Amino acid sequence: MAALRQLARSHRRRWISTARALHRSQEKDGLDSAKAPTPELVLQDIGNIEVFMKSLLTLPQIRAFCALAQFRSFKAAAEYLGVSQPTVVNQIASIEESYRTKLFQRQRENNRLTDIGVALVAPSRAVLDHFREAEFILLSHTTAHTGELNIAAVNPMRTSKLIREFRMLYPHIKVNISFVASDKAQNLIDSEAVDVGFFVQNEKRPGQQTFHFYSYELMALLPRGHRLCEKSALTLADFSGQELLIRERGSLTRKMFLEGLAGAGVDPLIAYELGSRESVREAVAQGLGVSVVAEDEHTDHERIVTKKILGDALKANSSLVVPNKHLASPMVKTLIELVRAR
């Protein structure tokens, strides 16, 4: 904010200096100096402009600016905000047109901040932080002090941390969480058996909004002493000929892994099909084969070695999925803001 004030003062001095020079020049040339802007008029106009500009910047514009500054991609910023890409483009363009400045150097999927854009990042994020804090206070004191919130989720660790924060705001709300595979979480949302879900939604569904929660990738699980443990990182081709331990049908981990192997031209050799990540982990520890797991779902084991898998085929984005009918709920609004604050 100090940088912005300094920049404004600099522009103010430059404008006044230019007006004085123009005024003197017109007097010297015998022109009608009454038509030239005097320094006092320039100063008055600047003041009027500043008052007018105070009302131009809106909260959606600030959100759009912060999202684009973070992701550098209009598409990624729009997905994060849960709005269309043209909406973000228009919000950024509106700021730049209103203030006659450029906030970003436009490049495909890499929109870089200008100097004024860099100066705006910290105060803009501070505005959003203060707004979220105020909204949390208001939401936690609405009439929704009691009731239930039904959730479908895939990742216990990530979801539990978020719900802990939610419960601090709504201590009297009963939260029911069903930890299931991604396809089952989607079915629960579609059947209205739950209010919201935390999972990877592969395809947009009409009547449902998504809010980016976190990104993750799969990593390899190897029995200690396995020959692949000697490699610093693996490729999908390294799984060729290996006895594989995979999750049950309907598991997103299974789907991502098998699709990744198919894309790499690897014919999978499936040794066991297991119903939970815990059973997969124990089977790997017993040396029954190799497998994969989401990077933040693994618990260290003395008989298991993890390895990074190179490439983008095994990466995914988990979202908070909300049916449109629940978007106005104070409790759901709080969940959305908690997710956005991460």
Side-chain angles (χ1 to χ4, degrees), residues 71 75-76 78-83 148-167 173-219 221 246-260 273-281 291-299 309 312-327 329 331-342:
F71 295 103
K75 180 181 179 181
E79 290 177 352
Y80 172 75
L81 295 172
V83 300
E148 292 188 5
L149 181 64
N150 298 299
I151 299 173
V154 174
N155 188 315
M157 184 178 69
R158 295 263 192 175
T159 307
S160 297
K161 287 182 179 179
L162 187 76
I163 297 306
R164 188 181 304 119
E165 296 177 28
F166 174 84
R167 291 274 294 157
I173 296 296
K174 181 182 178 183
V175 179
N176 304 311
I177 308 178
S178 299
F179 289 107
V180 295
S182 289
D183 68 328
K184 292 181 180 179
Q186 183 65 72
N187 289 338
L188 290 173
I189 287 284
D190 292 340
S191 63
E192 300 185 2
V194 296
D195 302 311
V196 299
F198 291 94
F199 58 94
V200 176
Q201 189 180 62
N202 291 319
E203 296 180 358
K204 294 286 187 180
R205 299 289 183 99
Q208 298 174 10
Q209 301 295 321
T210 59
F211 304 89
H212 182 266
F213 188 18
Y214 65 93
S215 301
Y216 71 93
E217 56 188 69
L218 301 184
M219 64 181 184
L221 295 181
I246 65 171
R247 292 284 303 277
E248 76 284 6
R249 294 182 184 277
S251 162
L252 179 64
T253 298
R254 171 196 175 111
K255 183 175 184 291
M256 290 173 59
F257 187 37
L258 293 183
E259 288 181 353
E273 186 175 295
L274 302 165
S276 68
R277 64 177 66 91
E278 291 77 16
S279 58
V280 168
R281 178 171 172 268
S291 189
V292 293
V293 68
E295 57 188 343
D296 60 349
E297 294 180 356
H298 174 64
T299 303
I309 303 174
D312 296 328
L314 303 184
K315 296 180 180 179
N317 297 305
S318 181
S319 301
L320 166 62
V321 181
V322 183
N324 287 350
K325 63 183 291 186
H326 294 311
L327 288 173
S329 163
M331 292 185 293
V332 173
K333 284 184 176 181
T334 299
L335 280 180
I336 293 171
E337 289 305 322
L338 286 171
V339 166
R340 282 176 167 169
R342 296 183 115 63

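Nothing here was measured: the structure is a model prediction, and the numbers come from that model.
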Quiz item: Per the side-chain contact (heavy atoms from CB on, under 4.5 Å) rule, which among L162, N176, V175, L320 passes with I151?
Solution: V175
Self-check item: Partners meeting side-chain hydrogen bond (donor to acceptor under 3.5 Å, both in side chains) with R167 (sequence neighbours left out)
Solution: none
Quiz item: Given side chains that start at C-beta, do those of H326 and M331 come closer than 4.5 Å, heavy atoms only?
Solution: no
Practice problem: Could you tell me whether the side chain of T334 reaches within less than 4.5 Å of the side chain of F166, counting heavy atoms only? | Solution: yes
Quiz item: Do I189 and V194 have side-chain heavy atoms sitting under 4.5 Å apart?
Solution: yes
Self-check item: Salt-bridge criterion met for E278 and R281 (N-O under 4.0 Å)
Solution: no
Quiz item: Is it true that a side-chain atom of Y80 and a backbone atom of F213 form a donor plus acceptor pair closer than 3.5 Å?
Solution: no
Quiz item: Is any side-chain heavy atom of D183 less than 4.5 Å from a side-chain heavy atom of L252?
Solution: no
Would you give me the side-chain donor-acceptor pairs under 3.5 Å for residues 195-203, sequence neighbours excluded?
| from | atom 1 | to | atom 2 | distance (Å) |
| --- | --- | --- | --- | --- |
| D195 | OD2 | N150 | N | 2.8 |
| Q201 | NE2 | Q186 | OE1 | 3.0 |
| Q201 | NE2 | Q208 | OE1 | 2.9 |

Exercise. Tell me, please, which residues at least two apart from N155 pass side-chain hydrogen bond (donor to acceptor under 3.5 Å, both in side chains).
Key: Y214, D296
Quiz item: Which is it for K161 and E165 under the salt bridge (charged side-chain N to carboxylate O under 4.0 Å, His left out) test, yes or no, and what are the steps along the way?
Solution: CA-CA 7 Å; K161 287 182 179 179; E165 296 177 28; over 6 Å; no
Quiz item: Are any non-hydrogen side-chain atoms of V292 and M219 less than 4.5 angstrom apart?
Solution: no
Quiz item: Passes side chain to side chain contact (heavy atoms under 4.5 Å, CB included), R277 versus H298? Steps please.
Solution: CA-CA 9 Å; R277 64 177 66 91; H298 174 64; over 6 Å; no
Quiz item: Is R158 paired with E297 through a side-chain N to carboxylate O contact shorter than 4.0 Å?
Solution: no
Self-check item: S160 vs F179 side-chain heavy atoms within contact, under 4.5 Å
Solution: yes
Quiz item: Is any side-chain heavy atom of V293 less than 4.5 Å from a side-chain heavy atom of T253?
Solution: no
Exercise. Please name all residues satisfying salt bridge (Lys or Arg N to Asp or Glu O under 4.0 Å) with E248, sequence neighbours left out, ordered by chain then number.
Key: none
Quiz item: For S215, which residues count as a side chain to side chain contact (heavy atoms under 4.5 Å, CB included) partner, sequence neighbours excluded?
Solution: H212, N317
Quiz item: Is the closest basic N to carboxylate O distance between E337 and K333 below 4.0 Å?
Solution: no
Quiz item: Does the S279 side chain pair with the main chain of S276, one donor and one acceptor, at a distance under 3.5 Å?
Solution: yes
Quiz item: Got a sec, which residues hit side-chain hydrogen bond (donor to acceptor under 3.5 Å, both in side chains) with R247, two or more places apart in sequence or on another chain?
Solution: none
Quiz prompt | Within-4.5 Å side-chain heavy-atom neighbours: K174 and L149 | solution = no
